[in-house]
Structures are given as C-alpha cells and as structure tokens.
Protein chains: 2
Amino acid sequence: MKLTSKGRYAVMALVDLARFDNINPVSLRDISLRQGISLDYLEQIFSKLKKNEIVKSIRGTQGGYVLNKNPNDIKLTNIFHAVDEKVKTVQCKKESKKGCNGKSTKCITHNLWDELEIHINTFFENKSLKDLLNNNKEKRV
Amino acid sequence: MKLTSKGRYAVMALVDLARFDNINPVSLRDISLRQGISLDYLEQIFSKLKKNEIVKSIRGTQGGYVLNKNPNDIKLTNIFHAVDEKVKTVQCKKESKKGCNGKSTKCITHNLWDELEIHINTFFENKSLKDLLNNNKEKRV
DNA sequence: ACATACCTGACTAAAATGGTCAAGTTTAGA
DNA sequence: TCTAAACTTGACCATTTTAGTCAGGTATGT
Ligand code: FES
Ligand code: FES
C-alpha cells in the first residue's frame with residue numbers, strides 16, 4: 001500500500017499555497033521552487049484541483065492560483081478525490097454482488113478490506129488544510 | 001493507495017487454511033480451487049509465509065500447510081510483513097534527516113504522512129486471524 | 001509588445017504488479 | 001518399489017501504473 005506522488009504533491013502544494021496566498025496569487029513556479037516539485041507535473045495537478053473548485057486561477061503576469069474555499073473546508077478527501085488518488089482495498093466491484101474471484105458471493109476477506117477502506121478514509125475526512133497549516137506555523141515567513 | 005493482490009491473497013489463503021487445518025494439512029491446490037487464486041502464485045506466497053514461521057509445511061502425498069501459531073497470535077501486520085506488503089506513505093528515508101525533495105529538512109507534509117502510516121498500521125496490528133474466523137463462522141463447512 | 005504564468009494534450013522511460021513456467025525434491029500409499 | 005501428490009526454487013514476462021517530460025498553445029498586467 002503506498003501513497004502516490006500525485007496525492008502527496010497535491011497536498012504539499014496546497015499547504016504551500018495556503019501559506020502564501022494571503023495577499024497575492026501564488027505562481028506554480030514559486031511552489032515548484034520552494035517544494036522541489038516539477039513545474040510541468042504541478043500544472044497537471046492544478047488543472048484537476050481547479051476543475052474540482054479547490055483553487056481558482058488568475059492568468060497573466062503576476063497571476064497564479066488562490067484557494068477557492070476556506071482552508072477549514074478543504075479536507076484531504078476533497079484533495080485526493082480531485083487528483084484521482086483513491087483508496088482501493090477491495091478488488092471486486094463494490095456495487096456488484098459478485099466476488100473478486102468471479103464467484104457469485106463476496107470473498108471471505110471482503111468485509112475486512114471494506115473495514116480497512118473506511119478506516120483509512122476516516123483519516124482523510126477528518127484532516128483539513130487548516131490542520132496542516134497550524135502544524136507548520138513556525139515555518140511561516 | 002491500493003492494496004496489492006499479494007497481501008490480499010495471503011490473508012485470504014490463511015483464513016481458508018485456518019478454517020480447514022483442524023485435522024489435516026491443507027494443500028495449496030485446495031486453497032487455490034476454493035479461493036480462486038493461481039496455484040503458482042500461492043506457492044510464492046506460502047514460501048514467504050513459511051520463512052516467517054507463520055505456517056509449517058508437510059511434504060509428500062497428503063501433505064500441505066498448517067498454521068504454526070495460534071490464530072489469535074497471527075496479526076495482519078505479521079502476514080503483511082511476511083509477504084512484503086508494506087505501508088509506505090512517505091517518500092523520504094525515515095532514518096535520514098533529509099527530506100523527500102533533496103533538501104536538508106523534512107518536507108511540510110512529512111508529519112502528516114507519518115501520522116497516516118501509523119493510523120493504517122494500527123488497524124493491521126489490531127486484527128488477528130482469529131477475528132476473521134469469527135466473522136465467517138456461518139460459512140464453515 | 002512582451003514577459004509571465006496559466007492551459008492542454010501527447011508522449012514515454014522506468015518501475016511495479018500479477019502472474020506463468022520449468023525443473024526439481026520429498027514422501028505417503030498402492 | 002513405483003508413482004502421484006504436494007512442496008520448493010528460481011527464472012521469466014506481459015501488462016499496467018507511475019511519475020514525470022515536452023511541445024505547443026492562450027490570457028493579461030505593465
Ligand atoms: S474483495 Fe470483494 S469479493 Fe474479494
Ligand atoms: S515525505 Fe518525508 S520529507 Fe517529504
């Protein structure tokens with residue numbers, strides 16, 4: 001089970017953004033330099049964050065991105081959902097009655113993985129961008 | 001974040017094994033048929049489970065595998081560790097002082113991922129094979 | 001005008017995944 | 001003793017996913 005870079009970078013970039021967007025929009029170039037993330041990759045990520053209304057974009061010189069919501073209302077779940085970082089512990093299709101083995105009932109561990117998925121998602125639902133900001137106050141410029 | 005087949009199959013196979021090993025050793029062929037898992041793949045998995053002393057093997061005709069411990073003492077952690085299904089949420093090396101971005105300090109989200117890792121591992125530490133057996137009693141033959 | 005910064009889509013090298021295949025060795029039971 | 005069941009080991013491989021890169025755009029403040 002591992003977290004992918006896409007999810008990790010998305011959160012990292014948003015924390016950075018949240019720290020600096022008080023006055024001006026923040027350019028991806030700045031985030032790229034500060035956090036050591038490829039600019040081209042960041043653009044892919046922010047395209048999705050924008051589609052999901054987590055950030056707003058401002059084009060042109062001095063442009064950049066700004067949060068579209070209160071940091072308290074941006075949960076990790078929202079971020080992960082936006083960049084398609086999904087938690088998948090079962091192999092079967094959840095809606096179907098069929099199991100992962102092609103049989104007509106769910107496998108003997110299905111419930112376990114379902115529990116696990118809920119357990120992990122709970123973590124993401126309870127963490128907001130605000131929580132992460134408080135954690136890093138001392139680093140604020 | 002997804003669970004790999006190796007980990008999922010390992011647990012699935014052990015639950016199956018635990019249910020049937022009361023009297024005789026259970027052959028991988030039986031597990032393969034009952035659970036719909038490739039026999040060759042199971043062999044790889046059980047080789048690791050054996051090395052980690054979770055199961056014992058009995059060779060020859062009528063041979064098979066038997067649990068090497070009480071189901072209550074086999075936690076998911078042990079199983080996952082045995083088959084190298086590890087939870088990895090950070091990108092950096094934990095021991096190092098360096099961050100995932102090549103910089104000299106940990107990145108701004110490092111602590112978050114660390115928390116997440118602990119959160120997930122806690123789930124695995126608290127679940128034993130015994131718990132899974134009880135859950136499936138009604139299916140016992 | 002022009003530099004800055006967003007926007008979009010195609011492309012790809014490398015790694016991980018989820019197995020298969022081949023060639024054994026051991027042992028119970030006929 | 002012969003044979004088939006079942007464990008043992010290691011190499012191999014197709015496909016998918018990941019983690020980006022690259023090459024073009026378009027919008028806009030100064
Ligand atoms: S994981 Fe859902 S049936 Fe096996
Ligand atoms: S994840 Fe550890 S430094 Fe970024």
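Lettering of chains follows the sequences in order, A, B, ..., and the numbering in each one begins at 1.
Residue B/Tyr65 is in sugar-phosphate contact alone, with no base atom involved, counting any heavy-atom pair closer than 4.0 Å across all strands shown. Within 4.0 Å of B/Val26, counting heavy atoms only, lie sugar-phosphate atoms of the nucleic acid but no base atom. A/Lys2 comes within contact range of the sugar-phosphate backbone alone, with a heavy-atom separation under 4.0 Å but no base atom that close.
Close approach of DNA chain D to chain B, defined as any atom under 4.0 Å from a non-hydrogen atom of the protein, starts and stops at D/dA4 to D/dA11.
The distance between atom CZ of A/Arg59 and atom P of C/dC6, rounded to the nearest whole Å, is 10 Å. The nearest whole Å value for the distance from the CG atom in B/Asn24 to the C1' atom in C/dA28 is 13 Å. If you measure from atom NZ of B/Lys88 to atom P of C/dA15, you get 13 Å, rounded to the nearest angstrom. A/Gln44 has its CD atom 15 Å from the P atom of C/dC6, to the nearest Å. The distance from atom CD of B/Glu43 to atom P of C/dG18 is 19 Å, rounded to the nearest whole Å. Rounded to a whole Å, the NZ atom of A/Lys48 is 12 Å from the C1' atom of C/dG9. Between the CG atom of B/Leu3 and the P atom of C/dA16 there is a distance of 17 Å, given to the nearest Å. Protein atom CG of A/Leu39 is 8 Å distant from nucleotide atom P of C/dC6, rounded to whole Å.
The closest donor-acceptor contact from the side chain of B/Gln35 to the backbone of B/Ala13 lies at 3.5 Å or more, if one exists at all.
A side-chain donor-acceptor contact under 3.5 Å links B/Glu117 and B/Thr89. Using modelled atom types, one finds a donor on one side chain and an acceptor on the other under 3.5 Å when comparing B/Glu85 with B/Thr4.
A cation-pi arrangement, defined by a distance under 6.0 Å to the six-membered ring centre and an angle within 45 degrees of its axis, is present between A/Lys127 and A/Phe123.
Under 4.0 angstrom from either OP1 or OP2 of C/dG19 there lies at least one side-chain N or O belonging to B/Ser5. Close to C/dG19, at under 4.0 Å from its OP1 or OP2, lies a side-chain N or O of B/Tyr9. An OP1 or OP2 oxygen of C/dC6 is reached within less than 4.0 angstrom by no side-chain nitrogen or oxygen of A/Ser47. A sub-4.0 Å separation between OP1 or OP2 of C/dT17 and a side-chain N or O of B/Lys6 is absent. The side chain of B/Tyr41 contributes no N or O atom lying less than 4.0 Å from OP1 or OP2 of C/dC21.
If you find the closest nucleotide of DNA chain C to A/Lys51 and to A/Asp30, the one lying nearer the 5' end belongs to A/Asp30. Take the nearest nucleotide of DNA chain D for B/Gln91 and for B/Leu28: the residue whose nucleotide is more 5' is B/Leu28.
By the neighbour-count criterion of 12 heavy atoms within 6.0 Å, atom NE2 of B/His81 is sparsely surrounded, having that number or fewer from other residues, nucleotides or ligands.
Each of C/dT20, C/dT8, C/dG18 was ranked by its minimum atom distance to the side chain of B/Asp40; first place goes to C/dT20. Considering only side-chain atoms of A/Thr61, the nucleotide from C/dT27, C/dT4, C/dT8 that sits closest is C/dT4.
With hydrophobic clusters built from ILVMFWY side chains whose heavy atoms lie under 4.5 angstrom apart, A/Ile37 shares a cluster with A/Leu39.
Remark: B/Leu129 CG to B/Lys69 NZ distance equals 11.5 Å, nearest 0.5 Å.
A tilted orientation is assigned to the rings of B/Phe46 and B/Tyr65, their planes being inclined by 30° to 60°.
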